[in-house]
Amino acid sequence: MGNEDHRRRKTPCGFCMAVFKWIPVLFITAVIAWSYYAYVVELCIRNSQNRIGMIFMLLFYHLFLTLFMWSYWRTIMTSVGRIPDQWRIPDEEVSRLFRADSPDTQKRILNNFARDLPVTNRTMNGSVRFCEKCKIIKPDRAHHCSVCSCCVLKMDHHCPWVNNCVNFYNYKYFVLFLGYALVYCLYVAFTSLHDFVEFWKVGAGQLNASGMGRFHILFLFFIAIMFAISLVSLFGYHIYLVLVNRTTLESFRAPIFRVGGPDKNGYNLGRYANFCEVFGDDWQYWFLPVFSSRGDGYSYPTSSDQSRVSTSSPTQRYDAMGDTTTSRLDGNPTDKLIGASPLDTTNHHHNQSPHQVRTTSVLPTQLLQIQPPSPFRDELNEQQQKLANGQSLDCSTPAAMSSPAECGVNGAAVYIEMIGDHPLTSADSAKGFPRPPNGDLPV
């Protein structure tokens, strides 16, 4: 409970209010105690003639009653918890926040204080959520409860029947309480149905129970049916909330995220993951009122985080780094443009650096494939044949003059590979320097 609640209890009025809040719990406890007497004493012990059947009835009855009362007790007695001090804003910052002359200034103060806190929820104006009563930054999915007088982690609602907030720490107990209460009521109604029918069929005098015992059995069936009808809708609704990972408050007002804005399905991770977030990963504790929920109550995975994890294949992770439409084994898009560009027969590029065209996306032995102009193709083939035989090239021929880059600077032939270019002389050719395939020309 919050500090205000403790101060309120010190006054006579606060003490009376604290006692008054326990009335619904006392009422439920009284109904359960009466149902125990009506079922065990009046229905089983005094009215049952089949002793073996009575033993099995009492065995299952006490099993369901134990699970029901255990869950109910844990829901009531589990504390709502306390927000750590790192979420609390110092008094001087609070004073500066209240003295701020504009909402933008307040927004900057809150965002600056919460920069190291795991918060993704925001207010309507995009500011970090702040509780003016508790003087804290609200964790995600946390809300201030006016009855408990404190901020509650993953607050679902304040339930008067348990005199407690349904929150991160007891939500599993609350769902189990509803489920086992429904099973308890259905079991009582089913096992008392025969005596209820006999009461109206043959009359009250035909039942073994005498006096008020017959009316205990009659009202036991009625009350079990009424509670079962109210519980089936409530339990079904909370099962739905568990499967979509949503609280009652979030179903009426969608949480607002820093990225994406309002989204009711912002915490929806899939039905099984949503179920495990409340009931835990170990199936042995799913149906026992022991704490097994995931997380710490301060931060929660979102559906956007789940989508990023589920699509994190190597190609998709690589694409997430940037616009990479080709893999490392594909050619660079610029290489394809170079290969498709026509040969320039007018600009000779005599002053071009011999190391300008490079790429690492193809193997070193691959060369730039460019077809020479058709008028000089035969003469160029002849020049390449001379070069292959170790003879010097005559750069005065029309074919060589139309492609001076083949003779290179100072008459040296230059062949450009995809990893770079280098001057190729007749001496290099004589040493067995690798030749490009026919049709390749330097640029």
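Position 1 is the first residue of the sequence; numbering continues from there.
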Backbone of Val166 reached by a side-chain donor or acceptor of Asp156 within 3.5 Å: no
Verify the neighbour count for atom CD of Glu132: are there more than 12 heavy atoms of other residues, nucleotides or ligands below 6.0 Å?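 Counting neighbours around CD of Glu132, 12 or fewer heavy atoms of other residues, nucleotides or ligands fall under 6.0 Å, so no.
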Compute the centroid of each ring, for Phe222 and then for Phe196, and state whether the two points are separated by less than 6.0 Å.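 Centroid separation for Phe222 and Phe196: below 6.0 Å.
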Quick one: sort the Phe168 and Tyr300 rings into parallel, tilted or perpendicular, breaks at 30° and 60°. perpendicular
Does Tyr36 have its ring centroid less than 6.0 Å away from the ring centroid of His62? yes
To the closest 0.5 Å, what do you measure between CG (Leu182) and CD1 (Ile229)?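 These two atoms lie 11.0 Å from each other.
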Parallel, tilted or perpendicular for His238 and Phe174, by the 30°/60° rule?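 The arrangement is perpendicular - the two ring planes meet at more than 60°.
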Evaluate whether atom CG of Leu59 has more than 12 neighbouring non-hydrogen atoms of other residues, nucleotides or ligands under 6.0 angstrom away.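 It does: Leu59 CG has more than 12 such atoms within range.
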Residues Trp161, Phe177; criterion side-chain contact (heavy atoms from CB on, under 4.5 Å); working and verdict: CA-CA 11 Å; Trp161 299 107; Phe177 155 63; 5.8 Å; no
Would you indicate whether the side-chain heavy atoms of Ile223 and Val188 approach each other to under 4.5 Å?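 SC-SC contact between Val188 and Ile223 ruled out.
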Is the number of heavy atoms from other residues, nucleotides or ligands within 6.0 Å of OH (Tyr37) greater than 12? yes
Atom CG of Asp263 and atom CD1 of Ile256: how far apart are they, to the nearest 0.5 Å?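 The CD1 atom of Ile256 is 11.0 Å from CG of Asp263, to the nearest 0.5 Å.
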Would you check if there is a donor-acceptor pair between the side chains of Asn170 and Thr75 at a distance under 3.5 Å? no
Distance-only side-chain donor-acceptor flag, Ser102 / Asp104, under 3.5 Å: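 No, Asp104 and Ser102 have no side-chain donor paired with an acceptor closer than 3.5 Å.
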Could you tell me which non-hydrogen atom of Cys145 sits nearest to which non-hydrogen atom of His158, and how far apart they are?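 The answer is SG-ND1, 3.6 Å.
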Which pair of heavy atoms, one from Asn121 and one from Arg129, lies closest together, and at what distance? CB-NE, 3.8 Å
Run the side-chain contact (heavy atoms from CB on, under 4.5 Å) check on Val175 and Phe279 step by step: do they pass? CA-CA 10 Å; Val175 176; Phe279 287 86; 3.9 Å; yes
With a 4.5 Å cut-off on side-chain heavy atoms, are Val242 and Glu277 touching?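 The answer is no; the side chains never approach within 4.5 Å.
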Would you call His157 and Leu249 a side-chain contact if the rule is heavy atoms closer than 4.5 Å? no
Rounded to the nearest 0.5 Å, how far does CE of Met54 lie from CD1 of Ile45?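 Reported to 0.5 Å precision, the distance equals 6.5 Å.
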Side chains of Ser251 and Leu241: closer than 4.5 Å at any heavy-atom pair? yes
Interatomic distance, Tyr240 atom OH to Arg246 atom CZ [nearest 0.5 angstrom]: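 It comes to 4.5 Å.
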Donor-acceptor pair, Asn245 side chain versus Tyr267 backbone, under 3.5 Å?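 Judged by distance alone, yes, a pair lies under 3.5 Å.
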If you count heavy atoms of other groups shown closer than 6.0 angstrom to CH2 of Trp73, is the number above 12?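 12 or below, so no.
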Can you name the closest pair of heavy atoms from Ile109 and Glu93 and give their distance?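 Smallest heavy-atom distance, with atoms named: CG2-OE1, 3.8 Å.
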Would you say that Val31 contacts Phe227 through its side chain, given a criterion of any heavy-atom pair below 4.5 Å between the two side chains? yes
Within 6.0 Å of CZ in Phe219, more than 12 heavy atoms from elsewhere: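 Counting neighbours around CZ of Phe219, 12 or fewer heavy atoms of other residues, nucleotides or ligands fall under 6.0 Å, so no.
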Within-4.5 Å side-chain heavy-atom neighbours: Cys150 and Val80: yes
Less than 6.0 Å separating the ring centroids of Phe275 and Trp286?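 Yes, the ring centres sit under 6.0 Å apart.
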Would the number of heavy atoms belonging to other residues, nucleotides or ligands and lying under 6.0 Å from CZ of Phe20 be above 12?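 Open: at most 12 neighbouring heavy atoms sit under 6.0 Å from CZ of Phe20.
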Any idea which heavy atoms bring Asn125 and Ser127 closest together, and the distance? OD1-N, 3.2 Å
Shortest non-hydrogen contact from Thr191 to Leu43?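 That would be O-CD2, 4.2 Å.
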Without hydrogens or angle criteria, can the side chains of Tyr72 and Tyr173 be said to hold a donor-acceptor pair below 3.5 Å? no
Ignoring hydrogens and geometry, is there a side-chain-to-backbone donor-acceptor pair from Arg122 to Val259 under 3.5 Å?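 Between the backbone of Val259 and the side chain of Arg122 there is no qualifying donor-acceptor contact (under 3.5 Å).
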Smallest separation among heavy atoms of Ser292 and Lys172, with atom names: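 Smallest interatomic distance, heavy atoms only, reads OG-NZ, 2.7 Å.
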For Arg46 and Val41, what are the C-alpha separation, side-chain angles and deciding distance, and is it a side-chain contact (heavy atoms from CB on, under 4.5 Å)? CA-CA 6 Å; Arg46 294 182 179 179; Val41 178; 3.7 Å; yes
Please walk me through it: do Leu65 and Ile32 pass side-chain contact (heavy atoms from CB on, under 4.5 Å)? CA-CA 9 Å; Leu65 178 65; Ile32 295 173; 3.9 Å; yes
I'd like to know whether OH of Tyr237 has more than 12 heavy-atom contacts from other residues, nucleotides or ligands below 6.0 angstrom. yes
Would you kindly say whether Arg115 and Asn112 are connected by a side-chain donor-acceptor distance under 3.5 Å?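 Present: a donor and an acceptor within the cut-off.
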Does Tyr285 OH have over 12 foreign heavy atoms under 6.0 Å away? no
Determine whether a donor-acceptor pair (N or O, by modelled atom type, separation under 3.5 Å) exists between the side chain of Asn268 and the backbone of Ser303.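 No; zero donor-acceptor contacts below 3.5 Å.
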Answer yes or no: is there an ion pair linking Asp85 with Arg82, defined by an N-O contact shorter than 4.0 Å?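 Salt bridge between Asp85 and Arg82, a charged N being under 4.0 Å from a carboxylate O: yes.
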Are side-chain N/O atoms of Thr247 and Lys154 paired as donor and acceptor at under 3.5 Å?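 Their side chains do not contain a donor-acceptor pair, so the 3.5 Å distance test is not met.
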Any side-chain heavy atom of Arg253 within less than 4.5 Å of one from His143? yes
Distance (rounded to the nearest 0.5 Å) between Leu231 CG and Leu178 CG: 6.5 Å
Between Tyr187 and Met57, is any pair of side-chain heavy atoms under 4.5 Å apart?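 Result yes, sub-4.5 Å side-chain heavy-atom pair found.
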To the nearest 0.5 Å, what is the distance between CG (Asn50) and CD1 (Ile55)? 9.0 Å
Heavy-atom donor-acceptor pair, Ser71 side chain to Phe68 backbone, under 3.5 Å: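 No, Ser71 side chain to Phe68 backbone: no donor-acceptor pair under 3.5 Å.
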Whether the Tyr184 and Ser35 side chains hold a donor-acceptor pair (N or O, under 3.5 Å, no angle test) is what I'd like checked. yes
